[in-house]
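Below is one structure, written out as structure tokens; the observations come after it.
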Amino acid sequence: MNMNPSEMPKAFDPQAIEAGWYARWEADGLFIADAHSKKPKYTICLPPPNITGALHMGHALNHTMQDICARYRRMAGYEVLYLPGTDHAAIATQNVIEKQLTAEGTTKEQLGREAFVERVDKWYREVGDTIVAQDKILGISLDWTRLRFTMDERYVRSVMTAFVAFYERGWIYRAPRIVNWCPHDQSAISDLEVDWQEHHDTLYYIRYPVEGGGEVVIATVRPETMLADTGVAVNPTDERYRSLAGKTAILPLVGRKLPIVADAAVEKDFGTGALKVTPGHDSMDYEIGQRHSLEVINGMHPDGRMDVPGLPYDGLPALEARERVVADLKAEGFLVKEEPYTHEVGHCDRCHAVIEPLVSEQWWLRMETMRDKALAASAAGKVRWHPERYERTYLDWLRGLRDWNIGRQLWLGHRVPVYNCDNGHQIVAVERPNRCTECGSSRLTQDPDVLDTWFSAALWPFATLGWPEETDDLKAFYPNSMNSTAREIINLWVSRMIMTGLEFMGEVPFSDVAIHCVVQTPEGQRQSKSLGTGMDPRQLIAKYGADAVRAWAASVAMSSQDVRFDESRIEGYRRFCNKLWNATRLVLSSPGSPSAEARLGVLEAQEHLEDRWVLSRLANASTAATAGIEGFEFQDAIGAAYAFAWNEFCDWYLEAAKERLRAGDAVAQDVAYFCLDKVLRLLHPFMPFVTEELWSRLPGHPDYVMRAEWPQQQDKFVDPAAEESFAQVMRIVEEVRAHRQAAGAPPRGGSLKLEHPIDRVVATLSARLAWVELVDDIEGGIPLAATPGRVTFPSGGEGDARRKAELKRLKEELERTGAKLANPEFRAKAPPEIVRKLEERAAELRAAIDRLE
RNA sequence: GGGCGGCUAGCUCAGUUGGGAGAGCGCCAGCUUGACAUGCUGGAGGUCGGGGGUUCGAAACCCUCGCCGCCCACCA
């Protein structure tokens with residue numbers, strides 16, 4: 001696998017190096033988890049993407065951060081299971097397919113159920129393949145031997161088992177309730193699937209005559225629903241309507257008698273303070289109706305047309321009915337006034353149709369017990385959230401939790417495992433029974449409803465591992481370790497996994513939840529396919545390579561705010577790959593090869609200043625990178641590795657050690673190889689392809705970097721004295737360079753005299769790096785601020801401008817520092833350590849100013 | 001109606017116990033320096049959204065105002 005450095009192309013080419021590695025890792029089984037391993041376990045179940053289309057930037061972010069965790073833990077000695085899967089996403093997929101059918105000029109009804117299901121299966125296969133391919137080019141190290149799909153036979157069995165278990169606990173019941181009805185999908189949806197949008201509508205004031213004389217005026221934005229009114233309500237404390245409660249109003253256009261009730265839910269300040277009660281079409285009205293035993297009238301068909309037999313509006317779509325009702329009210333003198341009104345209207349979050357609240361018979365799941373367990377688990381600190389603030393989002397929602405409408409009236413999804421026999425008995429069972437357990441009848445029909453997609457998703461952390469069977473995987477890999485996702489599904493998904501995990505497995509499903517940010521367009525818009533503002537990660541990968549895209553993802557994923565997409569940042573990471581590439585070329589080009597110790601990464605501390613310094617900085621970077629990954633602060637982790645690799649190892653160490661490397665100096669070679677070896681390991685979780693490629697080119701690396709040990713604490717290399725000395729070198733070199741440019745002198749040449757006392761090693765190294773000759777004495781020259789000394793250049797001016805600017809800067813700083821030190825309160829109250837540091841700084845400044853003057 | 005987040009260099013963003021304002025990109029200037037021009041070197045650029053407060057000291061903590069965004073919520 002090793003190659004001569006001369007065979008390494010001069011420039012890093014992501015396409016060329018990324019191609020082969022994934023297949024090799026996979027072929028060698030590097031992603032496959034062993035349930036019988038003795039190592040500690042680390043488990044991530046990939047949040048199953050909806051099978052509705054290709055992966056987008058949010059997925060790229062999420063999968064990258066999970067993959068960083070997975071790859072890091074493998075290197076750190078864990079047995080890692082990173083399990084992939086996809087979600088059938090019943091309502092979303094049905095919508096996608098229906099849209100396609102509409103475009104083809106047909107409907108699912110024309111197609112028929114069987115052909116529809118076939119078409120969906122084909123879609124599942126195609127999109128499933130696309131998603132798998134995308135994760136592979138992104139380098140996501142998923143265990144494909146354990147790929148799951150929520151509609152797989154085994155998974156379906158888990159879902160049925162959960163339903164039956166809930167049913168046996170007495171938590172599942174069927175009841176009529178007001179629900180969010182989507183007239184387009186002709187299904188109920190849960191509160192969380194309702195998308196609220198601002199609408200500019202009209203508020204109509206309508207006169208309702210009162211029996212025995214008088215009237216009450218009522219404001220409504222949905223006059224068509226009055227056809228299903230069964231009461232009028234006022235607030236019991238409302239003086240204006242005190243005499244009305246108990247009387248009866250007459251419903252205009254219909255003539256129905258409406259009891260007038262007093263209910264505290266009525267807002268006195270809104271509209272006229274009187275409310276028409278339509279229990280069949282409004283959730284608050286429904287509750288008022290329940291409290292006062294008002295009749296419930298359903299005035300609408302499931303497709304959104306009015307269902308008011310005997311009235312002229314029967315069969316009209318809601319909006320048309322509204323116009324007709326308003327026109328008739330006006331004609332008959334019932335309409336008092338209209339005014340513009342802005343309010344929020346619920347839409348189906350999948351098909352965007354306006355939601356019609358209506359009463360419907362549905363399957364419900366009681367949540368009290370599970371909610372309480374989840375709250376207790378949080379109180380006991382079982383789940384850590386990153387960032388922490390999202391725990392409150394979750395807890396606030398949990399505390400207000402109501403029963404969950406788990407039934408959907410769709411063609412796609414898990415069928416509710418409830419069977420009715422023709423004698424009216426009901427059987428609830430995981431497997432479809434042959435005959436009724438009560439009467440033996442073989443004439444059974446299954447309930448037509450399917451389950452909410454989130455019902456099956458809620459089981460993901462254990463259903464994927466084989467639950468309810470006590471599989472080896474389940475024993476080894478539950479609970480999972482981390483879950484990361486977008487914040488919009490904290491309540492839809494994360495909270496429900498925690499509840500079902502506690503209920504069925506007795507333990508929270510994961511100890512850490514990381515919520516990543518949202519990537520917006522460069523203009524700050526939301527990325528969306530329908531708006532055409534979405535971005536395909538594959539295009540970016542083609543342009544910059546998967547490593548660059550991943551590194552960028554790591555650097556933004558846990559941002560405290562949503563980020564606007566900035567392509568230049570990805571490009572920056574591609575350049576970083578190129579930098580690593582060329583640093584490797586440089587090291588490989590030195591004659592000879594590293595010692596066995598360096599190859600094994602067991603180098604001992606060194607003598608040369610630059611060697612001691614770079615090893616100390618490497619130890620520092622290792623610690624920071626480790627802490628960053630473990631703390632879900634990936635930006636800090638990659639930042640530390642990046643800064644070390646580029647700004648310390650390349651910019652300073654390799655420059656300092658170049659000549660030794662060229663001369664085949666064994667020690668320099670060992671140190672350089674050692675640093676490269678470690679930095680490739682540190683970067684591997686972020687940039688797996690380029691690190692694997694470069695690792696394979698370093699001598700003594702028969703195995704994958706993916707399987708190399710993560711750099712542990714390297715305290716023996718921490719060397720404060722070397723860091724201090726090298727910092728002095730850097731200050732001197734940078735100052736000399738600045739003078740050189742200000743003086744317009746050529747890039748090399750000149751003389752440097754450094755006064756004693758100065759470390760001989762520091763002086764020599766500084767001179768070498770600054771391309772000046774170290775001399776014992778010089779005429780004139782430019783004084784240095786960094787240390788006592790002077791520098792001259794063979795041609796060009798004296799660089800006086802530069803000196804003056806520096807002097808000004810130093811004096812200003814001294815002034816600020818001096819002012820603080822002169823303040824007796826500062827001296828009295830500030831910690832002595834701070835005072836001492838400031839005094840030292842002031843002394844340094846004074847010395848530097850003296851030298852420059 | 002509640003709650004949360006953001007407002008730091010021209011742009012995109014870091015800044016974790018309050019104590020010398022940072023990175024990448026862009027910009028200006030100089031370098032075909034034997035790994036890399038996908039590079040190297042030097043440099044310009046910030047009243048840390050406004051105001052008030054706490055403190056010896058605030059980008060950071062408290063109050064308040066202003067925008068931008070998100071989540072939750074049964075006011076027709």
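So you know, we letter chains A, B, ... as the sequences are listed, proteins then strands, and number each from 1. The structure displayed is predicted, hence computed values, not measured ones.
- Between A/W196 and B/C74, a side-chain N or O to OP1/OP2 separation shorter than 4.0 Å is absent.
- Taking only side-chain atoms of A/T220, from C-beta outward, the nucleotide of B/A76, B/C56, B/A35 with the closest atom is B/A76.
- Between the side chain of A/K10 and the base of B/C36 there is no donor-acceptor pair of N/O atoms closer than 3.5 Å.
- Across all strands shown, B/C4 pairs with B/G69; the Watson-Crick or G-U wobble distances both stay below 3.5 Å.
- Of all nucleotides listed (B/G42, B/C40, B/C56), B/G42 comes nearest to the side chain of A/E734.
- In the displayed structure, A/E339 atom CD is contacted under 6.0 Å by more than 12 heavy atoms of other residues, nucleotides or ligands.
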Next item on the list: Give the C-alpha distance, both sets of side-chain angles, the deciding distance and a yes or no for side chain to side chain donor-acceptor pair (under 3.5 Å) between A/S190 and A/E193.
Entry: CA-CA 5 Å; A/S190 75; A/E193 293 166 297; 3.1 Å; yes

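- Minimum atom distance to the side chain of A/A583 is reached by B/A35, of the listed B/C74, B/C36, B/A35.
- A/R585 and A/N582 share a donor-acceptor pair across their side chains, judged by distance under 3.5 Å alone.
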Next item on the list: Treat primed atoms plus P, OP1 and OP2 as sugar-phosphate and everything else as base, then score nucleotides 9-15 of chain B 5' to 3': B for base contact with protein heavy atoms under 4.0 Å, S for sugar-phosphate contact only, - for none.
Entry: ---SSS-

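- As the counterpart of B/G18, no nucleotide is assigned, since no Watson-Crick or G-U wobble pattern has both distances under 3.5 Å.
- For the OP1/OP2 pair of B/A35 and a distance below 4.0 Å, the side-chain nitrogens and oxygens of A/R662 include at least one atom meeting the criterion.
- In this structure, A/R392 reaches the sugar-phosphate backbone alone: every heavy-atom distance under 4.0 Å involves primed, P, OP1 or OP2 atoms, never a base.
- The partner of B/C61, taking Watson-Crick or G-U wobble pairs whose two distances both stay under 3.5 Å, is B/G53.
- What separates CD1 of A/I355 from P of B/C74 is a distance of 14 Å, to the nearest Å.
- Using a 3.5 Å distance cut-off with no hydrogens or angles, the side chains of A/S590 and A/Q669 do pair a donor with an acceptor.
- We find that CG of A/L588 is positioned 19 Å from P of B/G34, with the value rounded to whole Å.
- Heavy atoms of A/L192 sit under 4.0 angstrom from primed sugar atoms or phosphate atoms, though from no base atom.
- In this structure, B/U33 makes no Watson-Crick or G-U wobble pair, since no nucleotide meets both defining distances under 3.5 angstrom.
- Counting any heavy atom pair closer than 4.0 Å across all strands shown, A/C650 reaches a base atom.
- Within the cation-pi definition used here (under 6.0 Å to the ring centroid, within 45° of the axis), A/R737 qualifies as a partner of A/W652.
- Listed pair A/R574 / B/U38 fails the phosphate criterion, with no side-chain N or O lying under 4.0 Å from OP1 or OP2.
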Note to self: Run A/Y642 and A/F576 through ring pair (Phe, Tyr, Trp, His ring centres under 6.0 Å) and show every step you take.
What the structure shows: CA-CA 8 Å; A/Y642 179 102; A/F576 178 53; 4.4 Å; yes

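- When the P atom of B/C72 is taken as reference, atom CD of A/E391 falls 18 Å away, rounded to whole Å.
- Surrounding CD of A/E839 are more than 12 heavy atoms belonging to other residues, nucleotides or ligands, all under 6.0 Å away.
- The phosphate of B/U55 has neither OP1 nor OP2 within less than 4.0 Å of any side-chain N or O from A/K829.
- Applying the 4.0 Å criterion to OP1 and OP2 of B/U33, one finds that A/K658 has every side-chain N and O outside that range.
- Side-chain proximity of A/F826 to the nucleotides B/G5, B/G19, B/G42 is greatest for B/G19.
- Among the protein residues, A/D191 comes within range of no part of the nucleic acid, since none of its heavy atoms lies under 4.0 Å from any strand.
- The listed nucleotides are B/A35, B/A76, B/G42; the one nearest the side chain of A/R737 is B/G42.
- Nucleic acid contact class of A/Y341 (heavy atoms, under 4.0 Å, all strands): sugar-phosphate only.
- Rounded to an integer number of Å, the gap from CZ of A/R841 to P of B/G57 is 22 Å.
- Rounding to whole angstrom units, CD1 of residue A/I178 and P of B/A76 are separated by 14 Å.
- Atom pair A/E193:CD and B/C71:C1' shows a separation of 17 Å (rounding to whole Å applied).
- The interatomic distance linking A/D13 (CG) with B/C36 (P) rounds to 17 Å, in whole Å.
- A sub-4.0 Å separation between OP1 or OP2 of B/G20 and a side-chain N or O of A/R816 is absent.
- A/H347 and A/H199 are linked by a side-chain donor-acceptor pair at a separation below 3.5 angstrom, with hydrogens and angles left out of the test.
- For B/G39, the OP1/OP2 oxygens have a side-chain nitrogen or oxygen of A/R575 closer than 4.0 Å.
- For the P atoms, the distance from B/G5 to B/A23 is 28 Å, rounded to whole Å.
- A/V587 comes within 4.0 angstrom of nothing in the nucleic acid, heavy atoms only.
- Among the atoms of the strands shown, none is found under 4.0 Å from any heavy atom of A/R809.
- With RNA chain B read from its 5' end, the first of the two nearest nucleotides for A/W652 and A/A11 is the one closest to A/A11.
- Side-chain polar atoms of A/D191 and A/N180 form a donor-acceptor pair below 3.5 angstrom.
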Check: Going through the distances and angles, do A/L192 and A/I489 end up as a side chain to side chain contact (heavy atoms under 4.5 Å, CB included)?
Finding: CA-CA 9 Å; A/L192 288 172; A/I489 58 174; over 6 Å; no

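- A 3.5 Å limit on both hydrogen-bonding distances identifies no Watson-Crick or G-U partner for B/G26.
- Here the side chain of A/L275 is nearest to one of B/G43, B/C40, B/A76, namely B/A76.
- Remark: the A/T225 side chain and the A/H281 side chain contain no N/O donor-acceptor pair separated by less than 3.5 Å.
- Contacts of A/A738 with the nucleic acid, taken as non-hydrogen atoms under 4.0 Å apart, involve only primed sugar atoms and P, OP1 or OP2.
- Distance A/R731 CZ to B/U41 P: 18 Å, rounded to the nearest Å.
- Note on A/R827: nothing from the nucleic acid sits closer than 4.0 angstrom, heavy atoms only.
- Take the nearest nucleotide of RNA chain B for A/V733 and for A/E633: the residue whose nucleotide is more 5' is A/E633.
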